[in-house]
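Here's the structure we're looking at; comments come further down.
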Amino acid sequence: MVAASGLRAWAIFGSVAFLPPTILTLRGGFDLVTANILVSGMLIAGGVAGQVVGGALSDSYGRKEYTILGGLVAAIPPFVVFLTTGGIVSLVALMIFGFILWSTFAVTVAWRTR
């Protein structure tokens, strides 16, 4: 359980630190300011909407199952789509990735406090 929480944190903070200067600027052709705005959109999608939806799903399906299996595994396909495509499809995949990945955050915090 600690490993799953650590992997989630690694994925979240790694994506925030790695995406703007490298993938979005070098491969995507965005300037650094635009890349950071796009990553801010990813964080808003996950930090606001994702956590609300993640909390509701964890209440329905169980915190451990959703946190470990649902969130971490479901975040992989949109991240692969982000890495392998370009244009608007890539940006939509980035927002979906942020939504799914950050949806596990509030669940993990509530899980640790029990």
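Only a predicted model underlies this, so the values are computations on that prediction, with no experimental measurement involved. Below, all heavy atoms of this structure are taken into account, side chains as well, without hydrogens, waters or symmetry copies.
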Sub-3.5 Å donor-acceptor pair from the side chain of [X] to the main-chain atoms of [Y], do we have one?
{"X": "T104", "Y": "I100", "result": "no"}
{"X": "T25", "Y": "L32", "result": "no"}
{"X": "R27", "Y": "L83", "result": "yes"}

[X] vs [Y] side-chain heavy atoms within contact, under 4.5 Å:
{"X": "V52", "Y": "V48", "value": "no"}
{"X": "N36", "Y": "V33", "value": "no"}
{"X": "S15", "Y": "M42", "value": "yes"}
{"X": "I23", "Y": "F82", "value": "yes"}
{"X": "L57", "Y": "S103", "value": "no"}

### Task
Quick one: pull up CG in L24 and OG in S90 and give me the separation to the nearest 0.5 Å.
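Answer rounded to 0.5 Å: 7.0 Å.
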### Query
Do you reckon V39 sits in the same ILVMFWY cluster as F30, going by side-chain contacts under 4.5 Å, direct or chained?
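They do share one cluster, since a chain of ILVMFWY contacts under 4.5 Å joins V39 to F30.
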### Task
Could you state whether F13 and F18 fall into the same hydrophobic cluster, counting links through intermediate Ile, Leu, Val, Met, Phe, Trp or Tyr residues with side-chain heavy atoms under 4.5 angstrom apart?
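Yes.
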### Query
Minimum heavy-atom separation for P78 to A74, with atom names?
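Nearest heavy atoms, P78 then A74: CD-O, 3.2 Å.
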### Task
Over all heavy atoms of both residues, which pair between Q51 and W102 is shortest? Give the atoms and the distance, please.
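Result for this residue pair: CG-O, 3.3 Å.
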### Query
Is the F97-F79 ring centre distance short of 6.0 angstrom?
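Ring-ring flag for F97/F79: true, centres closer than 6.0 Å.
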### Task
State which residue, out of L91, L19, L43, fulfils the side-chain contact (heavy atoms from CB on, under 4.5 Å) condition with L38.
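Answer after filtering L91, L19, L43: L91.
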### Message
Through direct or indirect side-chain contacts below 4.5 angstrom among Ile, Leu, Val, Met, Phe, Trp and Tyr, which residues connect to V80?
### Response
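Members other than V80 - counting any ILVMFWY side chain reachable under 4.5 Å - are I76.
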